[in-house]
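If you read the sequence from its start, that first residue is 1, and numbering goes on from there. Keep in mind the model is a prediction, meaning the values are calculated, not measured.
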Amino acid sequence: MLRVVGAGVGRTGTSSLQVALERLLGGRCYHMFEVFGHAEEHVPAWRAAYAGEPVDWDRLFDGYVAAVDWPAAGRWETLAARYPDALVLLSTRDPADWWASASRTIFRVMDEEPPEPMHAWWEMTQAMMAAFDPDWRHEAAATAAFVRHNEAVRAAVPASRLVEWRPGDGWEPLCSALGVPVPDEPFPHRNSTDEFRTLMGWD
């Protein structure tokens, strides 16, 4: 059962949060990376979710204690309702910085139709991004959608349940909300723009 529902979209430190939450909660945290690892089962589930069809969330998240990043962030309201005791974690950053990172990393991947083995995943991301904003490939529209998304989360989630976090905030906001000690170790830093681009062979 999820203890944390991540409402922050990709490129807001979600890879670092995945590692951090796994450390704090002692269980697995769902991330887009998990979709790649379980594509045969998970891609159809997310395509159904973005088509407004029923999804067996307990089955999808079996073995997970938290979920961050897309595609979960695009259905955060549904997940927050399904897991009413979970905290809602809004990871965010300056909108211009977010666009600079997203446009050089994940948006480039999602904008190019891939070979057949990845095609079902790509079609899923197209539905996901259309729900975010149909004009997501353009800076003004995407940035406005990012701001709009974050404002909607803040407006809908009670302060007692909402945790807002920015890269650089470290352990404290998470530990305070979860009621756990602050680890005596640096906060993880994963999947920076440069690391992503190097992994993809773009630099």
Side-chain angles (χ1 to χ4, degrees), residues 1-39 41-42 45-46 49 57-94 97-98 101-102 105-106 109 121 128 146 149-150 153-154 157-200:
M1 182 173 293
L2 296 186
R3 295 176 58 188
V4 175
V5 170
V9 300
R11 305 314 297 173
T12 59
T14 55
S15 294
S16 300
L17 282 172
Q18 180 188 27
V19 177
L21 289 169
E22 290 181 343
R23 167 71 173 81
L24 295 176
L25 297 175
R28 296 164 65 196
C29 179
Y30 197 90
H31 186 282
M32 181 66 86
F33 295 144
E34 300 295 308
V35 181
F36 296 137
H38 305 87
E41 179 181 1
H42 289 204
W46 285 113
W57 295 114
D58 293 345
R59 178 178 177 181
L60 183 68
F61 291 122
D62 184 34
Y64 294 93
V65 295
V68 297
D69 195 58
W70 272 312
R75 287 294 177 261
W76 71 269
E77 288 180 285
T78 300
L79 297 179
R82 177 66 188 86
Y83 302 104
D85 295 328
L87 293 171
V88 177
L89 173 59
L90 177 61
S91 52
T92 187
R93 63 192 297 187
D94 175 80
D97 291 342
W98 170 78
S101 176
T105 55
I106 58 175
V109 173
W121 171 86
M128 179 184 80
F146 177 75
H149 173 92
N150 293 342
V153 176
R154 295 184 185 109
V157 182
S160 60
R161 192 182 183 191
L162 179 65
V163 183
E164 191 158 347
W165 181 92
R166 287 173 171 260
D169 284 352
W171 295 109
E172 285 75 10
L174 304 176
C175 294
S176 176
L178 292 168
V180 298
V182 176
D184 186 20
E185 60 190 70
F187 193 86
H189 182 66
R190 300 286 189 276
N191 202 28
S192 69
T193 297
D194 288 343
E195 289 170 343
F196 187 105
R197 292 178 64 83
T198 297
L199 179 66
M200 297 299 294

(request) Please examine the side chains of Cys175 and Pro183, heavy atoms only from C-beta on, and report whether any two atoms are closer than 4.5 Å. (result) yes
(message) Apply side-chain contact (heavy atoms from CB on, under 4.5 Å) to residues Phe187 and Val19 and explain how you reach the verdict.
(response) CA-CA 9 Å; Phe187 193 86; Val19 177; over 6 Å; no
(request) Output every pair passing salt bridge (charged side-chain N to carboxylate O under 4.0 Å, His left out) with a member in residues 14-28, not counting sequence neighbours, ordered by first then second residue. (result) Arg23-Glu185, Arg28-Glu34
(message) Within this structure, what is the CH2-NE2 distance for the pair Trp121 and His42, rounded to the nearest 0.5 Å?
(response) 16.0 Å
(request) Taking the side chain as every heavy atom from C-beta outward, state whether Val88 and Val163 have any atom pair closer than 4.5 Å. (result) no
(request) For Tyr64, enumerate each residue passing the ring-ring contact (aromatic ring centres under 6.0 Å, His included) test, keeping only those at least two apart in sequence or located in another chain. (result) Tyr30
(request) Could you check if a side-chain atom of Val35 sits within less than 4.5 angstrom of a side-chain atom of Pro71, using non-hydrogen atoms only? (result) yes
(message) Just so I know, are the side chains of Leu17 and Leu89 near enough to count as touching, which here means a heavy-atom distance under 4.5 Å?
(response) yes
(request) Begin from the C-alpha positions of Trp70 and Arg11 and carry the test side-chain contact (heavy atoms from CB on, under 4.5 Å) through to its verdict. (result) CA-CA 9 Å; Trp70 272 312; Arg11 305 314 297 173; over 6 Å; no
(message) Going by side-chain hydrogen bond (donor to acceptor under 3.5 Å, both in side chains), name the residues that satisfy it together with Thr14, two or more places apart in sequence or in a different chain.
(response) His31, Asp69
(request) Starting at CH2 of Trp46, measure out to CD of Glu41 and round the result to the nearest 0.5 Å. (result) 12.0 Å
(request) Flag the pair Leu90 / Asn150 as yes when at least one side-chain heavy-atom distance between them is below 4.5 Å, and no otherwise. (result) yes
(request) Name all pairs fulfilling the side chain to side chain donor-acceptor pair (under 3.5 Å) condition that reach into residues 163-178, sequence neighbours left out, sorted by first residue then second. (result) Arg154-Glu164
(request) For the residue pair Arg93 and Ser101, establish whether any side-chain heavy-atom pair is separated by less than 4.5 Å. (result) yes
(request) Drop me the distance from Gln18's CD to Met32's CE, to the nearest 0.5 angstrom. (result) 12.0 Å
(message) If the condition is side-chain contact (heavy atoms from CB on, under 4.5 Å), which residues does Leu178 pass it with, not counting sequence neighbours?
(response) Val4, Leu21, Leu24, Leu25, Leu87, Val180
Under 3.5 Å, which donor-acceptor pairs link side chains of residues 77-85 to any protein atom two or more places apart or in another chain?
from	atom 1	to	atom 2	distance (Å)
Arg82	NH2	Asp58	OD1	3.1
Arg82	NH2	Asp58	OD2	2.4
Tyr83	OH	Trp57	O	3.4
Tyr83	OH	Asp58	N	3.4
Tyr83	OH	Asp58	OD1	2.8

